[in-house]
Every structure is written in C-alpha cells, then in structure tokens.
Amino acid sequence: MTDNFSDRQNDLNKNAVSEAFGDNSDIEKITGSIENVIYSNEDNGYSICDMGTDENELITIVGTMPYVGEGDRLTIYGKWIHNPKYGRQFKVESYEKNLPADANSILRYLSSRAIRGIGPRTAQKIVDEFGDETFDVIENHPDWLAQIPGISRKKAEEIAEDFRKKSGIRSAMMFFREWFGAATTTKIYNKWGNKAIELAKHNPYLLCEEIVGIGFEKSDSMAVSLGLPLNSTDRIMSGVKYMLTHNANNNGHVCLPREKLVSGSARLLGVDEAVLDSAVGELLKKGELKYSLFDGEQYIYDRYSYESERYIAQKLYFLDKSCATIDATNVNLFIEREERTYGISYASLQRKAISDALLNGVMVLTGGPGTGKTTVVRALLDIFDSMGLKVALSAPTGRAAKRMSEATSSNAKTIHRLLEMSYAGDGVKTARFGRDEDNLLEEDVIIVDEASMIDNSLMCSLLKAVKPGARIIIIGDADQLPSVGAGNVLRDIIESGRFATVCLNEIFRQAQQSLIVTNAHAINEGRMPELSVKNNDFFFLERNSDEEIAYTIADLCKNRLPKAYGAKTENGIQVITPSRKGEASTENLNIILQRSLNPAKTGKSEYKFRDKVFREGDRVMQIRNNYDIEWERSESDKGMGIFNGDIGIILQIDLYNRVMRIDFDERIVQYDFDNLEELEHAYAITVHKSQGSEYPFVIIPMYSAPPMLLTRNLLYTAVTRAQHMVILVGRQDIVCTMVENNRQSMRYTGLCRRLAMPDGASD
C-alpha cells in the first residue's frame, strides 16, 4: 500500500491572478469609474459594467465585483477576452475600490441606489446637508441622518448597516487580493463579515478549515506573507488536521495511525516529528481530534469521522437486535407463495437471502452480475407489502436509483433525496438532511443498493434517520472499487461477520449467454476473459499504441457504433479509462471526442474556462457534491443538489447572463459560470467516476498506466458498468496485467473492528 502523504511544499508565493491565468505576464491594470451597471448578481457578486477609464475610453468589464455601483472608482487587474456575442471585454480577476471623495461624486454614487434605502432624492438631501463628510456621517453618525426629513431613526440605522457591509467587503477585497480572487474573498466575507480581516490576520489557517475551496497551501502562503513563523502553533495544528482531511478526501482513510500522521505532517510542514507528536497530543486533549486503540496502536480521527464511525457501528448493532421477529415457518410459507405466484423456483442461496432478510434487522446481500440479486429484491417487496410494511428503495446516485426503479417496477430514490436534503446558506453551503434522529423515516424497511459506493458520512446520515425496529437491507458488490469518499463501509460490514450476509455466486442460465457476465466473473476470479469471440456482447480490438487506441475509440464513438446500432447509441456510449493522464486517458480522449462528436459550429455557443472549452451539446460531469444547485423536472418536481459523478448534457450557454442550462438525467439546472471548476467533460471518465452507473455501450482503453491503476477490481468494475456491450481497445498484455494484479486499495478505518466489539462500538 502507498500512503500518498505529501512530502513537498508547494510554491507559497502564487497569488490569485497567476492561479487564474497561469503566466501573468499579460495581466493589465486599468483605473477608472463605473458609468453603468449592466448586470449584477447579489448572491455571488458577478457583475457586468461599463467603465470609463482615465484614458477617456469606455470599456465593458466582467467578473466578480460585489456591490459595485455607478460612480465607484476602481483599479482593476485582469486581461482582455473576446465574447462571441458582445465582443471585446475586460475580465476582472481582482480589483481595488475607492469611495468617491468629493460631494459631486458622492451624490452620483448614492443616486445610483448603491446603498439600500437611498434613492436620488434622498441622496440629494443628504449630500446637501453633509457635503464631503457624507460617508463619515453615514458610517459613524447615522443618528444625524435622522435629522433629514423623510429619514426615520430606524431607516438611518438600516442605511448605516448596508453602508458598513459594503465598506467591509471593499476592505476585504483590498486585504485579500494578494492571495485570493474576488469570488473566494466574497465567500470569506459572507462567512465572517467585518471580522474576516482580523480573524485572517490572527490565524490564516482558519480559512482552509472553514472555507470550501481554500487549501492548506493557500493559507500557508498567506501566513508566510504576513510574517508568521513556520513553527507557529496555529500552523502546526492546522497542518495536522489538514493531513487527516487530505487523506480522507484523496485516499479514503477515515483515520490514520498516529505514527503515520506525525511523520506525514512533519514532512509537509518541515518541522521536527517530536513537535508534531506533541501537537497531536494537545489536539487530543482539546477534543479536536479523537483516537481509538486497535491492536495496541493509536488511530487518530477528526472528531466528526470518529463520531460517525461509532454511530454506524452502534446503530447497526441496535437495529439488528431491536427488529421484530418473524416465525421461521411463516418465512417458508412466504417464499413458497412467491414461487407459486410467479411460477419460479428460487435457488438455495436466493431462498437463504430472502429468509435472512425477513429474520434479521440488518442483512447484507452481495454478488456479481447475473446472480439474481434483483430477483431477491422483487420477492422481498412482495412479501413486505403483504405484511403491511412500508419499504423505501434507495441508492447513492441518481443513475443507480433509476436503474433500481426500472428493475423492480417500484419507486427508488437517491439516499440524499430520501433524507430530504437541503442546504444551509451560511456562506459555505453546508448540507442538511430533513430526515434525522429528530424526524425519522416512516418506512419499516430500507433497502439500499450499490452499497460499495456509500462512504462513512452518508451511511451515518442514513442510519440516523432509520427508526427503531426497522430493517435495513444492504445490497452491493464488495469486489468493486470502494467509495470515493472516506471509508470502506460495505466491505467492513461483511468482514466483521456480525450480520447475516449472503453472497450469491451462481450465474443463472439467461445470464450465462452474456459474455459481459461470464467475463466479469472470470476477471473477478483471476482468470483471463474470453477475447476471441466476435458474435456476442464483449469484444476485444487489439491496438498496440496509445495513438491507435485513441483513434479507434473516436471512430467507434462517431462512426462504427452509431452506424450499427443507430439511436441506441445516442448519449449511450461511455468511454471508461483507468487513469486521467496519457494519450489514451480521460483528459486527452475528452479533447479528441469533443472535437469529433461535438465540433465548433456557427450558432453553437461555447465558453472557454481555463484550458477547457464548454460547448452546447457537450457531455459533462459534476466532479464534487454541490448542495446549492436547484434542479427542476416539472413545475411540481423540483429539488436541490447535483452530486459527484452526475452526468449531463449542456442544452444552452447564455454568455450574457453567464449561465448554462444542463440536463442531468431530466433534471434541468441553471448552472452559473462561477461553478465551472466543478464540471469536466464526460465523453471519457475514470472507472472511479463510473461507479453506481450503467451505460448501454462501454468502451475501455487498455494502455500502460501506474500499477496501482491496473488492478483486477478496477477492470471488473469497468466491465460491470455495461448493459448491452463492452469493447476493450488496446493491448492484450495490459488485460492480462490487470487480471493478475489483485492489489486492493487499503483504507485505514476502524468500522470492522468496532462491529466485532460486544456493544458494537466501544473504545
């Protein structure tokens, strides 16, 4: 196993401009005054303005500039861009704002309604009374405003509050511009308001701990610029916490052995290990970190991960013990009735799976494709219905839930939707679930599919909402890749041996006819798949170079498959790759496939974001959970949230309002340009991103990549994503390498060991 600890310091002197544009040699500085605000979004600060420069030129400027108004005097930094519809514009990356100094400029500024509660007539009265001192009066002596007819004491305070708010964001923009762009500064200000600068000066590391999108390196860069010592307590403690969150987010570790946490943090920070070990001890004393003792070794957790893991173990233990019992004789009668009704005979393991699900509060059903998991679920739905029990079907992703609905002819929801997810508008958009310990789910049975994708955090949230006495049935394929998020929940539950578990291993007759199914099982068992058959649903096209592989895949997507299968291939072909880097990898294939499948065309809008061009008709993927985005299927079917791995099609790009309309599986989203860092092209995706989804046609390039990516379970996961056809394109030796490489992605978790404890959790 490779722990992937950071052992180098990133450059600490990158600023926001160079991060946004790369080489900052073409960054320009322009000074002038706002003549007209064409558009302004109050939520994110994005604005389009006409600006009169000091060189007497009228230009259009665009970018995140919260609270700008007519008459504002700005110094802006950025570069010229060409908007296909509106022509030459100046894209603002950072700016400095100075309030008007003389009475005439102040009057113009206030008359533009830049301050809430002040219109042109009120502005004239205020400036007539206070002249050049107007801003000082508004900010520091609002009671004086109440002397002016038409301004009550309450209105005067509201005017002063709005002015201070806008003055605060201006000061924040000035202070943070060296390290962050305007959009990030707006997040910081929304979190802490006028205290933001003081808090950041005292402890810049609060930024990476509290603000989404700010990493430790950026906070460290700021601390160095402010002259804070490298051995400061705040830096060391923040570095330790960052090491835990970095390994959770990137390597799936719920916890770390204390020795590895200390050594990794020491390399990151350039500080002696003894100092780091002392810091870990101090954080444990404060309760900011927690530990569990496994096999005589301390495993360190952040507080949330520790509490989540303990809760999962305790709640599963409780549900298994508190479930109402069913007489075994009745269970057999239920099964026999199902067989008579549908004229089928269940295999012995299927009978055991149905029986265990009825007799236990917690049951795990696992097995590969074609082994009859769906048949078991259908039987359970009938039986639970006959018992008068309410059942909820759920899965981690929208695609998995949709597939579950189609397979069972029953409504299935994503776990997020089942839990009635919303978000807290606190500046960092924290997810909240409407269903929890205080508002339990009403269902008596919760059936969860694709459980290999469920991380610790989501499992904890789900279990909090399950009422006492309810059953939970966990379905998944433990041989697939683990969850993207931290944890290894399905495998830990199975390996604990604590709960009833049935592994279906018989491939049924109808499934035996599919090479997708038989080859998937062969791969999983360490045997080479059948590659020579030319008349089934699994094909191998040998190509020896990465360039040939990429060319063949483009030809398959554009010509050969559409010609052979017609409309079935429309948005139904998915290229799934082992890695992101290389000529036949995700990044390069997305460029090639976009050029081939969705080329630039007159009348088709597009927008360039950093090194990517997004174009109407593009296939795109959300690469992180965004709980803030609203979607709509119809007037009566609306919701919140687009999640990591969701794939959509860009329907429209509105360059003027800087939004895209994207169709994520019939969920229509208005997608703001400020969130484009959360999107990637999805003509080709990695195997990890394909989890929980199925596609009619799957193409998998077989090319050389690091050994950690050429593994058996990665190939197995990719193959099992296909519904109708799999095509491997590339080298046979790579197929052989992946089949033989049974390397497992090890994750540090404590759940398996907790579940083996007598009460399900104790330390």
State, yes or no, whether a side-chain contact exists between [X] and [Y] at a heavy-atom distance under 4.5 Å.
X: L381; Y: L393; result: yes
X: V729; Y: I700; result: no
X: L481; Y: H688; result: yes
X: I649; Y: I662; result: no
X: T717; Y: L714; result: no
X: I474; Y: T366; result: no
X: V533; Y: L515; result: yes
X: R615; Y: Y607; result: no

Any idea which heavy atoms bring [X] and [Y] closest together, and the distance?
X: A400; Y: A395; result: CB-CB, 3.7 Å
X: S496; Y: L755; result: CB-CB, 3.6 Å
X: G617; Y: N598; result: C-ND2, 3.4 Å
X: T720; Y: A520; result: CG2-CB, 3.8 Å
X: A357; Y: F384; result: O-CZ, 4.2 Å
X: M453; Y: P396; result: CB-CG, 3.9 Å

Test your reading of the model: is there a side-chain donor-acceptor pair from [X] to the backbone of [Y], 3.5 Å cut-off?
X: H253; Y: A248; value: no
X: S355; Y: R351; value: no
X: N247; Y: M243; value: yes
X: R667; Y: W631; value: no
X: Q350; Y: Y346; value: no
X: K568; Y: P696; value: no
X: N590; Y: Y683; value: yes
X: E530; Y: S532; value: yes
X: E616; Y: I653; value: yes
X: D546; Y: A584; value: no

Would the number of heavy atoms belonging to other residues, nucleotides or ligands and lying under 6.0 Å from [atom1] of [X] be above 12?
X: Q723; atom1: CD; result: yes
X: E525; atom1: CD; result: yes
X: K601; atom1: NZ; result: no
X: Y551; atom1: OH; result: no

Does either side chain, that of [X] or that of [Y], offer a donor lying less than 3.5 Å from an acceptor on the other one?
X: E338; Y: T341; answer: no
X: Y748; Y: N251; answer: no
X: T408; Y: R378; answer: no
X: S457; Y: D455; answer: no
X: S579; Y: S585; answer: no

Below 4.0 angstrom, N of the basic side chain to O of the carboxylate: do [X] and [Y] qualify?
X: R721; Y: E694; value: no
X: D733; Y: R731; value: yes
X: R580; Y: E587; value: yes
X: R403; Y: E450; value: yes

Subject >> Stepwise side-chain hydrogen bond (donor to acceptor under 3.5 Å, both in side chains) check, Q691 with S693 >> reply: CA-CA 6 Å; Q691 288 176 264; S693 299; over 6 Å; no
**OP:** Might you work through the side-chain contact (heavy atoms from CB on, under 4.5 Å) test for L593 and V575, ending with a clear yes or no?
**Re:** CA-CA 10 Å; L593 292 172; V575 180; 4.0 Å; yes
[atom2] on [Y] to [atom1] on [X], rounded to 0.5 Å:
X: C255; Y: E309; atom1: SG; atom2: CD; answer: 6.0 Å
X: I573; Y: L597; atom1: CD1; atom2: CG; answer: 7.5 Å
X: F538; Y: S514; atom1: CZ; atom2: OG; answer: 10.0 Å
X: Q574; Y: F697; atom1: CD; atom2: CZ; answer: 13.0 Å
X: I516; Y: M725; atom1: CD1; atom2: CE; answer: 8.0 Å
X: I592; Y: I553; atom1: CD1; atom2: CD1; answer: 8.5 Å

**OP:** Decide side-chain contact (heavy atoms from CB on, under 4.5 Å) for L419 and M421; before the verdict, give the C-alpha distance in whole Å, the side-chain angles of both, and the deciding distance to 0.1 Å.
**Re:** CA-CA 6 Å; L419 298 180; M421 189 212 72; 5.7 Å; no
**OP:** Output, in order, the C-alpha distance, side-chain angles, deciding distance and verdict of side-chain contact (heavy atoms from CB on, under 4.5 Å) for L751 and V254.
**Re:** CA-CA 9 Å; L751 182 58; V254 178; over 6 Å; no
**OP:** Would you check, one step at a time, whether the test side-chain hydrogen bond (donor to acceptor under 3.5 Å, both in side chains) holds for D618 with Q594?
**Re:** CA-CA 7 Å; D618 272 345; Q594 183 196 39; 2.8 Å; yes
Original post:
Between H724 and Y695, is a side-chain contact (heavy atoms from CB on, under 4.5 Å) present by the stated rule, with each step listed?
Top reply: CA-CA 8 Å; H724 303 309; Y695 312 93; over 6 Å; no
**OP:** May I ask you to decide if the ring planes of Y671 and F664 are parallel, tilted or perpendicular, using 30° and 60° as cut-offs?
**Re:** tilted
Original post:
Is the centre of the H681 ring less than 6.0 Å from the centre of the F614 ring?
Top reply: yes
**OP:** Give the C-alpha distance, both sets of side-chain angles, the deciding distance and a yes or no for side-chain hydrogen bond (donor to acceptor under 3.5 Å, both in side chains) between D492 and N488.
**Re:** CA-CA 6 Å; D492 281 348; N488 207 352; 5.1 Å; no
Original post:
Could you walk me through whether N742 and E740 pass the side-chain hydrogen bond (donor to acceptor under 3.5 Å, both in side chains) check?
Top reply: CA-CA 6 Å; N742 197 27; E740 292 176 351; over 6 Å; no
**OP:** Report yes or no: is the cationic atom of R753 (NZ for Lys, CZ for Arg) under 6.0 Å from the centre of the six-membered ring of F294, at an angle within 45° of the ring normal?
**Re:** yes
